[in-house]
Amino acid sequence: MTPESRRLDGNAAAGRLSDVFVFDATAARTRCGGCGMTAPLGVYHVYADAPGMVVRCPTCEAMVMRIAQTPGHTWLDMSGVAALDIST
Amino acid sequence: MARTAIRRRLTWRLATVAANASEARAVHRLSLQIDGWDGHLPGQHVDVRLTAPDGYQAQRSYSIASAPESPTVDLVVQRLDDGEVSPYLTDGVRAGDQLELRGPIGGYFVWRAEFDSPLQLVAGGSGVAPFLAVLDHHAAAGSGAPVRLLYSARSIDDVIGRERLQQHAERGIGVTIALTREQPPGWAGLSGRLTPRVIREHVWPADGRPSILVCGSTTFVEAVADSLVEAGHEAAAIRIERFGDVKGARRDSGVPTTRR
């Protein structure tokens, strides 16, 4: 199984992120902390077959977010996100 | 849809199955009654969560296949024999049963009736599900946006929403179906895969600046997106929803990787 065929996109992370955010994360313009590219989170690549979900930049492949859930807990690492632009 | 429907935090809620009907080969349409549903946008999805008696939970994402005007929220579920969720949803669920779900989810891969630019939809297999919602909403809202659908399916028996697509074609929607593996006698549509040439010929030309939605397996959507860019479409005009490659998907995973 190649990494390419496992690839999903930000849409697949939207349900999990709705446990954290009141806004829709897929439309939030997200700046990659690695290369500075900015795009809606829906454009980012998601790998969901690890124990958690990993969100990567579609341009430089840097890891921007990791999301893990256990019953009663959500753990979110956003260290690779430089900025989120949310329309309000 | 009211903006507030997206703004609040989503919670798990119960849906009651109003109907479970065969839609195409190994594909069922589940029509759900959901109390307090605030409506949705075509293109949005829901997460469905099943809980085993021992507490083990499995979660999957399904696109909403019905328009916001529909009295039920419909999901199109393809049965994968080694899947852990889809065989239950297609064969185990009866009218009156309840399912736990969360939604509507997603504001990126959506179409709104106030969008008036030409719309191109490209679907592979069950990736047509969100586009059934788009087309029904386009009709119900009286949208004047010109729309084309290019839909790749394995055979005529695998075509999802066939009658409805025929009705949309009769009201002027460009519906082109490509059958990849098997064609019935006298088949007037396309045969074979969506090659770059087929895409160039059957998609709105790039100079009309269409907005483009592509949904299907990862391999399918990425090949289509590459062909669209080659044909001169701007990458920013192409919105993609991947649902993984079925053969490569993890069988026993509890994460919403695919529509298994």
Side-chain angles (χ1 to χ4, degrees), chain A residues 1-30 37-59 65-76 84-88, chain B residues 3-12 41 43-49 51 55-57 59-61 63 101-110 130 214-215 217-223 235-236 238-259:
Chain A
M1 180 165 60
T2 64
E4 289 71 26
S5 69
R6 296 189 289 114
R7 180 156 58 221
L8 301 172
D9 44 58
N11 301 301
R16 305 252 159 171
L17 290 171
S18 74
D19 283 340
V20 182
F21 298 123
V22 291
F23 55 85
D24 164 53
T26 60
R29 291 182 58 78
T30 305
M37 188 280 294
T38 301
L41 191 68
V43 173
Y44 279 65
H45 293 165
V46 167
Y47 297 88
D49 49 358
M53 282 186 167
V54 177
V55 182
R56 289 188 177 275
C57 173
T59 302
M65 285 187 197
R66 292 182 291 170
I67 308 151
Q69 283 185 317
T70 54
H73 285 272
T74 294
W75 179 86
L76 174 62
L84 282 180
D85 178 355
I86 302 131
S87 46
T88 47
Chain B
R3 212 167 188 175
T4 50
I6 301 180
R7 288 285 161 206
R8 62 169 165 64
R9 232 160 70 136
L10 296 172
T11 50
W12 293 96
L41 293 169
Q44 288 188 303
H45 66 271
V46 297
D47 287 348
V48 175
R49 179 165 78 178
T51 306
Y56 171 75
Q57 291 187 325
Q59 204 175 298
R60 296 294 183 273
S61 300
S63 294
L101 63 75
R102 165 171 71 187
I105 297 167
Y108 169 69
F109 189 83
V110 296
V214 185
C215 186
S217 71
T218 299
T219 306
F220 173 86
V221 298
E222 295 193 352
I238 306 168
R239 291 173 187 234
I240 290 175
E241 187 165 76
R242 297 166 178 83
F243 54 72
D245 282 356
V246 164
K247 279 182 192 154
R250 232 172 96 148
R251 178 177 314 178
D252 57 356
S253 146
V255 296
T257 49
T258 68
R259 293 175 169 79

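Sequence lines set the chain letters: A, B, ... in the order given, protein chains first and strands last, and positions in each chain run from 1.
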### Query
At their closest point, which heavy atom of Gly107(B) faces which heavy atom of Thr26(A), and how far apart are they?
N-OG1, 3.0 Å
## Note on the structure
d(Thr218(B) OG1, Arg6(A) CZ) to nearest 0.5 Å is 10.5 Å
### Summary
Whatever's closer than 4.5 Å to a heavy atom in chain B on Val20(A) counts as backbone
### Task
First locate atom CZ of Arg16(A), then atom CD1 of Ile105(B), and finally report the distance between them rounded to the nearest 0.5 Å.
10.0 Å
### Query
Can you tell me how far CZ of Arg102(B) sits from CG of Asp19(A), rounded to the nearest 0.5 angstrom?
4.5 Å
### Task
Apply side-chain contact (heavy atoms from CB on, under 4.5 Å) to Asn11(A) and Tyr108(B), showing your working.
CA-CA 8 Å; Asn11(A) 301 301; Tyr108(B) 169 69; 3.9 Å; yes
### Task
Flag the pair Asp9(A) / Phe109(B) as yes when at least one side-chain heavy-atom distance between them is below 4.5 Å, and no otherwise.
no
